[in-house]
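What follows is one structure encoded as structure tokens, with my remarks underneath.
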There are 2 protein chains.
Amino acid sequence: MIMFPIVMSDSHAYAETIAHAERVCADRGERLTPLRRHVLELVARSDGPVKAYDLLDQLKTGPGAAKPPTVYRALDFLMRLGLIHRVEALKSFIACAHGHGHEESAELYICESCGRVDEQDHPDADPSPPSGFAVSRSVIEHYGQCGDCVNDR
Amino acid sequence: MIMFPIVMSDSHAYAETIAHAERVCADRGERLTPLRRHVLELVARSDGPVKAYDLLDQLKTGPGAAKPPTVYRALDFLMRLGLIHRVEALKSFIACAHGHGHEESAELYICESCGRVDEQDHPDADPSPPSGFAVSRSVIEHYGQCGDCVNDR
DNA sequence: TGAAGGATGTAATAACATAACAATTCTACA
DNA sequence: TGTAGAATTGTTATGTTATTACATCCTTCA
């Protein structure tokens with residue numbers, strides 16, 4: 001199996017994101033419509049977390065401009081398929097780095113200096129849940145400075 | 001060191017929350033003004049996470065009703081002192097169970113059936129941060145069903 | 001006392017998100 | 001192929017959450 005280097009140009013990373021989305025949709029019998037694909041493209045191309053209304057602005061070129069429900073529906077769809085994540089504390093969205101399965105929770109490291117987000121798998125086993133608590137979904141977001149920004153100071 | 005039992009009656013828990021706030025403010029040279037105390041009371045007395053505009057409604061009795069900035073400023077103050085937490089994915093607030101220090105992050109278990117929130121200390125040591133990442137603050141929220149609600153099914 | 005800083009009041013608006021219903025497009029299958 | 005049903009998208013309106021900007025008041029302390 002040929003392995004690509006971890007760091008690739010944006011266009012390759014972006015193309016792979018779309019290709020992955022195609023596969024996921026095919027597997028699950030869902031439709032990656034032009035609108036959904038477009039929204040995913042915008043999220044994937046954006047440099048860091050992007051807000052719903054920024055996407056809305058980008059979709060508002062020409063007549064027939066997109067309205068909020070259009071964008072939120074596409075975002076909901078992409079989240080349902082695990083193709084993007086919502087960054088709760090930033091009210092923003094990022095493309096999923098898909099280093100994990102659909103249903104697992106991602107663990108996000110968000111650099112407050114450069115805005116970059118690093119996504120890791122969240123270990124399924126919760127170290128210390130309250131007795132009997134059954135976790136169905138977790139939000140795990142770490143804020144701080146990434147290695148590069150720490151060194152730049 | 002004397003340890004209080006975890007479970008206490010609501011009224012005691014509430015009184016203790018206020019007393020704790022008094023101590024924290026005294027320690028840090030901050031003022032627990034009547035407004036701030038009132039907001040903390042409302043958050044502490046509420047059964048589960050409470051929204052800013054619900055607090056606003058509760059503060060809107062009589063003329064001179066509170067406006068949004070009033071509530072948000074009080075909430076910001078209380079968060080800065082670690083007396084309350086914002087539950088990001090619910091856009092809501094809860095009183096801190098103060099089982100941890102000011103600066104540490106809480107780990108929340110939120111029951112989607114009964115609304116109860118259980119707060120645990122978050123272990124400081126992050127198991128798997130990206131190389132060089134310095135975490136300053138973490139948002140950790142687990143959603144699911146608490147032991148009681150799992151059994152009730 | 002009176003200047004400085006902190007806290008609160010007030011009006012307006014920005015930013016984020018959804019409800020409800022209409023129109024269109026796709027898919028399955030008779 | 002035609003058409004019913006489901007899924008998707010369009011559209012209007014509104015609901016919800018949060019902040020900006022500036023005025024006023026209160027407290028401290030030189």
Side-chain angles (χ1 to χ4, degrees), chain A residues 21-22 24-26 28-43 46 48-81 83-94 139 141, chain B residues 21-22 24-26 28-43 46 48-81 83-94 139 141:
Chain A
E22 302 271 20
V24 169
C25 286
R28 301 181 52 172
E30 299 277 7
R31 293 165 53 202
L32 189 65
T33 63
L35 173 64
R36 289 165 174 174
R37 178 195 301 258
H38 192 181
V39 170
L40 177 58
E41 283 176 14
L42 293 176
V43 175
S46 104
V50 62
K51 291 175 172 275
Y53 273 68
D54 289 342
L55 296 173
L56 200 48
D57 287 343
Q58 296 182 67
L59 292 169
K60 258 179 187 160
T61 51
K67 274 94 177 174
T70 299
V71 168
Y72 282 104
R73 281 193 289 233
L75 292 172
D76 286 347
F77 171 85
L78 296 169
M79 280 194 288
R80 184 157 56 78
L81 265 61
L83 298 172
I84 64 172
H85 299 293
R86 182 182 151 88
V87 185
E88 294 291 344
L90 297 181
K91 301 174 174 70
S92 298
F93 301 85
I94 56 166
V139 172
E141 300 172 1
Chain B
E22 302 272 18
V24 169
C25 286
R28 302 183 49 174
E30 299 277 6
R31 293 165 53 201
L32 189 66
T33 63
L35 173 64
R36 289 165 174 175
R37 177 196 303 259
H38 192 180
V39 171
L40 177 57
E41 283 176 14
L42 293 176
V43 175
S46 105
V50 63
K51 291 176 172 274
Y53 273 69
D54 291 340
L55 297 172
L56 199 47
D57 287 342
Q58 296 182 66
L59 292 168
K60 259 180 187 160
T61 51
K67 273 93 178 174
T70 300
V71 168
Y72 282 103
R73 281 192 290 232
L75 292 172
D76 287 346
F77 172 84
L78 296 169
M79 280 193 289
R80 183 157 55 78
L81 267 61
L83 299 171
I84 64 173
H85 299 293
R86 182 183 151 88
V87 184
E88 294 291 343
L90 297 181
K91 301 174 175 70
S92 298
F93 302 85
I94 57 166
V139 172
E141 300 172 1

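The figures here come from the full heavy-atom set of this structure, side chains too, leaving out hydrogens, waters and symmetry mates. Numbers restart at 1 for each chain; the letters A, B, ... are given by sequence-line order, proteins then strands. Source: prediction; values computed, not measured.
- Straight-line distance from the OH atom of A/Y72 to the P atom of C/dA20: 18 Å, rounded to whole Å.
- Taking atom NZ of residue A/K51 and atom P of nucleotide C/dA17, one finds them 8 Å apart after rounding to whole Å.
- For A/E30 and B/P68, each mapped to the nucleotide of DNA chain D holding its nearest heavy atom, the one lying further toward the 5' end belongs to A/E30.
- A close approach under 4.0 Å does occur between a side-chain nitrogen or oxygen of B/R86 and OP1 or OP2 of D/dA18.
- Expressed to the nearest 0.5 Å, how far CG of B/L55 lies from OG of B/S92 amounts to 9.5 Å.
- In this structure, B/L35 atom CG and D/dC26 atom C1' are separated by 14 Å, rounded to whole Å.
- Salt-bridge formation is not detected for the pair A/R36/A/E30: no Lys NZ or Arg NE/NH1/NH2 atom is positioned less than 4.0 Å from an Asp or Glu carboxylate oxygen.
- Contact between the side-chain N/O atoms of B/K91 and the OP1/OP2 oxygens of D/dT16 is not found at any separation under 4.0 Å.
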| query | Should B/E141 and B/E88 be marked as a side-chain contact (heavy atoms from CB on, under 4.5 Å) after you check the CA-CA gap, both sets of side-chain angles, and the distance that decides it? | reply | CA-CA 8 Å; B/E141 300 172 1; B/E88 294 291 343; 3.4 Å; yes
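- With rounding to whole Å, A/D76 atom CG is found 10 Å from C/dA17 atom P.
- Atom NZ in A/K60 sits about 13 Å away from atom P in D/dT11, given to the nearest Å.
- Side-chain atoms of B/T70 lie closest to C/dT10 of the nucleotides D/dT8, D/dT17, C/dT10.
- Residue B/P69 places its side chain closer to C/dT10 than to any other of C/dT10, D/dT11, C/dT8.
- Here C/dA15 presents its P atom at 15 Å from CG of A/L55, a figure rounded to the nearest Å.
- Heavy atoms of A/R73 sit under 4.0 angstrom from at least one base atom.
- Between A/I94 and A/V87 there is a side-chain heavy-atom pair separated by less than 4.5 Å.
- Considering B/D54, B/T70, B/L42 as possible partners of B/L59, the one that fulfils the side-chain contact (heavy atoms from CB on, under 4.5 Å) test is B/L42.
- Atom CG in B/L81 sits about 15 Å away from atom P in C/dG6, given to the nearest Å.
- Between the CG atom of A/L56 and the P atom of D/dT9 there is a distance of 15 Å, rounded to whole Å.
- Distances shorter than 4.0 Å separate none of the side-chain N or O atoms of A/R31 from OP1 or OP2 on D/dA6.
- Between A/K67 and D/dT11 there is a side-chain N or O to OP1 or OP2 distance below 4.0 Å.
- In the interface, the side chain of A/Y53 is paired with the base of C/dA17 through a donor and an acceptor atom under 3.5 Å apart.
- The side chain of A/T33 approaches D/dT9 more closely than any other nucleotide in the set D/dT9, C/dT18, C/dA11.
- Comparing C/dA17, C/dT8, D/dT8 against the side chain of A/R36 picks out D/dT8 as the nearest.
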